[in-house]
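In what follows, chains carry the letters A, B, and so on, assigned in the order in which the sequence lines appear, proteins first and then strands, with residues in each chain numbered from 1.
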Protein chains: 2
Amino acid sequence: MVTITDVSRRAGVSRSTVSRVVAGNGYVSEANRKAIEAAIAELGYRPNTLAQALRSNRSNVIGAVFVDVGTPYFANMIYGLQRAARPAGKALMVSSGYADQDEEARAVIELIDRSCDGIIVYLERPMRADVVEMLRRSQIPVVSIGHKPSPVSRGQVILDNFGGARAAMRHLLEQGHRRIVHLSGQADFGDTIARRDGMVAALNEFGMNMDDLHIVGGEFHQEFGYSATLDLLNERRDFTAVFAGDDDIAAGVLLALRQRGIRVPEDISVIGFDDAFHARHMWPPLTTVRQPMDALGDAAARLLLELLARPDSGPLEARIDTELVVRSSVAAPAMQREDA
Amino acid sequence: MVTITDVSRRAGVSRSTVSRVVAGNGYVSEANRKAIEAAIAELGYRPNTLAQALRSNRSNVIGAVFVDVGTPYFANMIYGLQRAARPAGKALMVSSGYADQDEEARAVIELIDRSCDGIIVYLERPMRADVVEMLRRSQIPVVSIGHKPSPVSRGQVILDNFGGARAAMRHLLEQGHRRIVHLSGQADFGDTIARRDGMVAALNEFGMNMDDLHIVGGEFHQEFGYSATLDLLNERRDFTAVFAGDDDIAAGVLLALRQRGIRVPEDISVIGFDDAFHARHMWPPLTTVRQPMDALGDAAARLLLELLARPDSGPLEARIDTELVVRSSVAAPAMQREDA
DNA sequence: CAGCATCATGCAATCGATTTCATCATCTAT
DNA sequence: ATAGATGATGAAATCGATTGCATGATGCTG
């Protein structure tokens, strides 16, 4: 491996001078600069980032912990992260927490140990107290994505769940739907709570209220959407539209309806949330509320870079808007619907 | 930050002794071991991985370059990678090459600079010569996933494209299809070539040959599947089944057929390749050949760990099998088909 | 011409570990 | 009793950079 010492010898200067040229700071004569640059090129010198990091206390690595990296949902977020991080010369180290508190703790600790300059987290569980304490002591800036700000985070990226849920409901209401079912994800998730408020807002705008909405709580999985829809149908419930807590649930709804021979959107309308990768591939293509994952990642990285550049800045926040994506799963309600 | 020196002082021993306890090698008296462990716990000492890496020349980081990290396809591969790497104490650093030679070069160079212990690559383009040279000089073991082994890789993970394509064709042939169209991806991709051989093998088994197959070359995109299918229909070509180069192409095929009012699988059967995330969400749910991305990532990491443990071992290879996933887009051909 | 910036450079300390080697105490075998 | 093996420990060099400080050269001002 060719080191800075090799370069300095070749160019006939001290290591300090080489360092100045590489870092591009301090005074260096034109003659020496040329000589050093030539030596660097001839030897193919590349600075050892480990040594740099050790000495200067900046690793130029940012760490990220997500629920599950192996998921399309987060893949897109990583894309946004990279888009913002790379131009700033930061590499990315990613890890999954699998929605388990101890796994999430392990992942965060690993990133602390690796001397990341900053950490971005998207967690489903509150952070373990000892990890919070470690982060506080390490002084590493933390940006969290999602609903509840973690106690150590100095940056927060929030998705406008309120506005998204309101837009979805309004879309259904404007089409004339009045008997709507909402299949929500986990009731204790922050997202779910924020969305409820958005739905209420939309209902109010149409002179309705929460009582006019039938809510079934479950999980963010296709299976829930499927079985809940079947139950609804068996109860012979009277509804013309379903607002699914996410696109996975919506996929389950579509499946159940199709099995019962109920047409979408002619008989029943369905709207989802997320605009996940597969939303456009469903049949009919799913109308849904787009949650721009790449924008979330991008914003998180930007916030972190800002915190790195201005360590004394107060808590930062970014709010990301949702967007209604109209495809083909919503239409005006039919006057009458023949049940299965 | 609490360092090894702090611990040594607290325990009343030298740094060397602490290091031995932490590393778990060398001789240490029971009394000292206890004292040191106590000191570590009281101070909350965590070894500085940067310093360890610098001194011992092992960073315990594995680098990976994929075509595009922000894609569901690779998300799953990262999952497999992590599954194998974490238990070995290796962290992951990922980067995208965006199917561009210079971008891929940049990504690999970054990983070299970061002193990764090993690098895993999945590239679309041949590696730039200067990067090959850098890798060779750096002695960093490289494992490549995919068709063409890169000139520096000492490990190779190969997907059985041959067997997968043969299985897909056999499935169609067994159902009775004889007039089959293949919509292939980029003709110069290694995958595409290997699959062609698999298709020939299947045809031969049924007493047919390449002339009995109509091949249209294009790209691995939905748009190609869509437009190619429309063209085929406009030409009034006579076919009962389509074998799509991947599930994206298949999605385009389904879309075009649906628009023309052609039923799948009653009128025309469609089979894909990959078993991408959205394959099961299509309508009808797509029969396809599963390419186990997580297994590919897992195998790559294992190979790399093996190379790391046994630096003098010869070139390693792993072959990953595909699996036919039967859903609902293939059926026996109808006797007669009324064209649009 | 004296005094003071400004420009250029190198020495040496430092970051936080690992690792070689020397030293010394015990223990065992002859 | 003594040589040799084994166990236990610490001093010091080392990994490859960055950076504060001292020093010297040069240019400018009054």
Does the gap between the ring centers of A:F74 and A:Y122 come in under 6.0 Å? yes
Indicate whether the side chain of B:N161 and that of B:D191 have a donor and an acceptor atom separated by less than 3.5 Å. yes
Between the protein and nucleotides 3-8 of chain C, list the N/O to N/O atom pairs that are separated by less than 3.5 angstrom.
| from | atom 1 | to | atom 2 | distance (Å) |
| --- | --- | --- | --- | --- |
| C:dC7 | OP2 | A:Y27 | OH | 2.4 |

Would A:R302 and A:D298 pass as an ion pair if we require N to O under 4.0 Å? yes
Could you list all N or O pairs between the protein and nucleotides 18-21 of chain C that sit under 3.5 Å apart?
| from | atom 1 | to | atom 2 | distance (Å) |
| --- | --- | --- | --- | --- |
| C:dT18 | OP1 | B:Q52 | NE2 | 3.1 |
| C:dT18 | OP2 | B:S19 | OG | 2.6 |
| C:dT18 | O2 | B:R55 | NH1 | 2.5 |
| C:dT19 | O4 | B:S16 | OG | 3.4 |

SB check B:D100 B:R125 (cutoff 4.0 Å): no
Answer with yes or no whether the side chains of A:D117 and A:S59 bring together a donor and an acceptor at under 3.5 Å. yes
Distance alone, cut at 3.5 Å: any donor-acceptor contact between the side chains of A:S16 and A:S19? no
Spacing of A:M93 atom CE and A:R114 atom CZ [to the nearest 0.5 Å]: 5.5 Å
With sequence neighbours excluded, residues passing salt bridge (Lys or Arg N to Asp or Glu O under 4.0 Å) with B:E37: none
Would you check if there is a donor-acceptor pair between the side chains of A:E104 and A:Y98 at a distance under 3.5 Å? no
Should A:R310 and A:E306 be marked as a salt bridge (charged side-chain N to carboxylate O under 4.0 Å, His left out) after you check the CA-CA gap, both sets of side-chain angles, and the distance that decides it? CA-CA 6 Å; A:R310 231 183 313 288; A:E306 176 77 15; 2.5 Å; yes
Bend angle of the helix from C:dC1-D:dG30 to C:dT30-D:dA1, from helix axes over five pairs at each end, nearest 10°: 40°
Say whether, by atom type as modelled, one donor and one acceptor occur between the side chain of A:S56 and the main chain of A:Q52 under 3.5 angstrom. yes
How would you list, by chain and number, every residue that makes a salt bridge (Lys or Arg N to Asp or Glu O under 4.0 Å) with B:D102, sequence neighbours excluded? B:R128
Going 5' to 3' along DNA chain D, which are the first and last nucleotides with any atom under 4.0 Å from a heavy atom of chain B? D:dG7 to D:dG16
